[in-house]
Amino acid sequence: MMLQKTGERQIGTTLDDIRVDHRARYEWAAGLVRGGDCVLDVGCGVGYGATILAGNARRVHGIDLDEETIAFAEQYWSRDRVTFEAADACSLSLRNSAKFDLVVIFEVIEHLVMPELYLRSLHGAMSDNASLVLSVPNEAVVRHTIELNPFHIRHYTPDELRTLIASSGYIIEELFSQNQDGVFQDETGWTLIAKCRRDPSFDDFVIDAEGWNAAFQKVSREVIGRGNVIRKLQKEGRQAAERINAQDEEIRRARIREDASQSVIHRTSVDLHHTRSEVSKAQSTIIHLREVQMETERALSEAAAVLSMQNLELQGQKAQLATAALTIEKLELQSQKAQLAAAALKKAQLKAIKDGEKKLKAQLKFFNPKRPTIVSLGRLCVRYRFFVPIVVMAPLNSFYAVYKKVLKTRSSQSAR
C-alpha cells in the first residue's frame, strides 16, 4: 500500500526517501539507547525512526493514531525486536504494558492542543529511571502561522518548552537544538530537543483547574481560528475549482491541437525519413567524392614532385646554357681579336709589299737587269767601282726570279 503525501509526515520505504534532518534526529537519539533498553517511539509515523532506534535496544515499540500509517510501517519497516501498534499514548494498553526505559517523541508535541495531559499520561509507561526525549519547532527561529504550518497547533520558544516540561512532571537534564549541520547543545537551531527525566516530586493526581480552564479556552480560540481558516480555504477551493474547469477546457482544446500536431508530426516524420534517406545517399556520395579527392590530391602531389624535379633539371640546363653563352661570348671576343690581328697582319703585309715595291722600283730605276743599259752599268761601276760586275752579275738572275715572284703574289692579292 502507498500513503498519500500531505506534508504532515515523512513517507518512504527506505532511509534514502526520508529527509536528512529527520533521519539525523533519530540517529542522535539512538546514541542514548543503552544495551537491553526497551524503547517507546510515540508518533512513530511510517516506522523508519523505530528501525533506527533498534540498534542496541532489546525492544522498540512504535505507536501512532493512524491505522493506515501503522499498516504501512508493518509492511515496510518491521524488523526483529521492532513492533508497531495503532494506539494513543493516553490509552490504558500502554499503562498495562511493560515499562519503557526510553520514550522518544519527535514531531508530535506541536500537533497537540493539550500537550501537558499527553506528556503526563506517559508517566505510567515509563520505568523509574526512564528518560524522555522530545522535539518541537523553535518559535524563536521558525515563526508559526496556520498558512505555513496548517498541521501545527503552535511552536515553542526555549522558555516555553521549559515551562511545558516542568508542568508535565519532568525535569530537563539537557537542552539541544538541531539545524542542517546536526544536533548541538545550544538553543539556536530551528528544532529544540529536550532530554528529560521524571520529576519524583510531581503528583499525577493534582488537577490545576485554572490551568485546565485556560487550556479549554485556548482550544476554543484554536477551533474558531481554524474554522475561519477552513472557510477561507473553502473559498479558495471554489476559486481553484473554477480555475481547474477553465484549465480542463483549455486542456481539451490543447488536446485537439495536439491531435492536429500529431498528424503534422506524422507527416513530418515521413518527410524526415525520406530526408534521412537522401542524406544517407548524399553522405555516401560525399564519401566517394572524398576518396576521389584523396586520389586527386595524391596524383597532384606526385605531379608536383615530378614538376619539382623537372624544375631542378631545367635550372641545371639554364645554368649550362648560361655557361655555354659565356663560353660563346669568350669565343666571339677571341674571334674578334683574331680578326683584328689578321686585319693588322694583312695591313702590315700590304705595307711590307708596298714598301718592297717601292724599294724594287727604286732599285730597278737604279739598275734594271731585265733591261740593262750602259748607263745603269756605269752607275753600278761608279757606285761599286770595279767590284760591281763581279758582285752583281752573279746573283742577277736570282734577283730577277724573286722579282717575278713578288709581281705574281701582288697580282693574286689584287684579284681577291
Side-chain angles (χ1 to χ4, degrees), residues 8-11 18 22-23 25-33 37-55 57-74 77-79 81-127 129-137 151-156 161 164-165 167-173 176 178 191-199 204:
E8 182 180 4
R9 59 169 58 90
Q10 294 291 301
I11 298 175
I18 307 302
H22 286 249
R23 297 201 316 256
R25 196 173 304 131
Y26 272 101
E27 289 168 356
W28 173 84
L32 303 177
V33 179
D37 281 353
C38 291
V39 181
L40 174 65
D41 184 13
V42 179
C44 65
V46 297
Y48 66 90
T51 301
I52 295 174
L53 294 171
R58 178 161 58 91
R59 180 171 71 93
V60 178
H61 187 62
I63 64 172
D64 198 282
L65 287 175
D66 189 72
E67 295 182 356
E68 291 185 356
T69 302
I70 290 298
F72 184 92
E74 290 176 341
W77 293 99
S78 288
R79 304 288 189 275
R81 298 175 287 113
V82 178
T83 57
F84 297 102
E85 180 185 1
D88 185 359
C90 300
S91 65
L92 294 176
S93 62
L94 285 176
R95 296 183 181 274
N96 297 329
S97 65
K99 303 298 184 181
F100 293 95
D101 303 300
L102 176 64
V103 177
V104 178
I105 311 176
F106 286 158
E107 306 293 329
V108 175
I109 302 300
E110 61 269 22
H111 297 269
L112 303 178
V113 176
M114 293 184 291
E116 296 90 345
L117 178 61
Y118 194 86
L119 292 173
R120 289 180 185 181
S121 67
L122 293 172
H123 289 179
M126 299 173 65
S127 63
N129 297 321
S131 296
L132 171 71
V133 179
L134 61 85
S135 70
V136 293
F151 300 105
H152 292 184
I153 299 298
R154 61 169 296 182
H155 294 175
Y156 294 83
L161 180 60
L164 169 64
I165 291 174
S167 64
S168 302
Y170 297 93
I171 299 174
I172 295 180
E173 294 180 338
F176 302 87
Q178 180 186 10
T191 299
L192 297 174
I193 302 175
K195 180 176 180 293
C196 316
R197 61 181 175 81
R198 287 186 59 184
D199 183 357
D204 290 338

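What you are looking at is a predicted structure, and each value in this text was computed from that prediction instead of being measured.
Using a 4.5 Å heavy-atom threshold, the side chains of Val60 and Val33 count as separate. Between Trp28 and Val133, some side-chain heavy-atom pair lies under the 4.5 Å cut-off. Contact check for Ile109 versus Leu164: side-chain heavy atoms found under the 4.5 Å cut-off. No side-chain heavy atom of Glu110 sits under 4.5 Å from any side-chain heavy atom of Arg154. No side-chain heavy atom of Glu107 sits less than 4.5 Å from a side-chain heavy atom of Gln10. Proximity of Leu112 to Ile153: side-chain heavy atoms (C-beta onward) are nowhere separated by under 4.5 Å.
Using a distance-only test at 3.5 Å, with no hydrogens or angles considered, a donor-acceptor pair links the side chain of Asp101 to the main chain of Cys38. The main-chain N or O of Gly124 is found under 3.5 Å from a side-chain atom of Lys99 such that the two form a donor-acceptor pair. The main-chain N or O of Leu192 is never found under 3.5 Å from a side-chain atom of Ser135 such that the two would form a donor-acceptor pair. Remark: the backbone N or O of Val39 is not paired with any side-chain donor or acceptor of Asp37 at under 3.5 angstrom. Side chain of Arg79 to backbone of Ile52: no donor-acceptor contact under 3.5 angstrom is found.
No close placement of the Phe84 and Trp77 rings is indicated, their centers lying 6.0 Å or farther apart.
Of all heavy-atom pairs spanning Pro115 and Ser168, the tightest one is O-OG, 4.5 Å. For the pair Ile70 and Glu85, the tightest heavy-atom approach, listed with the atom from each and the gap, is CD1-O, 3.5 Å. Pairing each heavy atom of Leu40 with each of Leu122, the nearest pair is CD2-CD2, 4.4 Å. Contact detail for His111 and Phe151: the closest heavy-atom pair is ND1-O, 2.8 Å.
Summarising the geometry, atom CG belonging to Asp41 is positioned 9.0 Å from atom CG belonging to Asp64; distances are rounded to the nearest 0.5 Å. In this structure, CD on Gln178 lies 5.0 Å from CD1 on Ile193, to the nearest 0.5 angstrom. Taking CE of Met126 as the reference point, atom CG of Leu102 lies at 8.0 Å (rounded to 0.5 Å). Rounding to the nearest 0.5 Å gives a distance of 10.0 Å between CG of Leu65 and SG of Cys44. Of the inter-residue distances, the one linking Thr51 atom OG1 with Arg81 atom CZ reads 10.5 Å to the nearest 0.5 angstrom. Interatomic distance, CD1 of Ile172 versus CZ of Arg197, reported as 11.5 Å (0.5 Å rounding).
Between Cys196 and the choices Leu119, Val103, Ile165, the side chain to side chain contact (heavy atoms under 4.5 Å, CB included) rule is met once, by Ile165.
Note on ring orientation: taking the six-membered ring where Trp is involved, the planes of His123 and Tyr170 are perpendicular (angle over 60°, cut-offs 30° and 60°).
For Tyr48, the ring-ring contact (aromatic ring centres under 6.0 Å, His included) test picks out Tyr26, with sequence neighbours left out.
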- Item | Leu161/Leu134 under side-chain contact (heavy atoms from CB on, under 4.5 Å): CA gap, chis, key distance, verdict | CA-CA 10 Å; Leu161 180 60; Leu134 61 85; 3.8 Å; yes
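The environment of CD in Glu173 is crowded: more than 12 heavy-atom neighbours from other residues, nucleotides or ligands sit within 6.0 Å.
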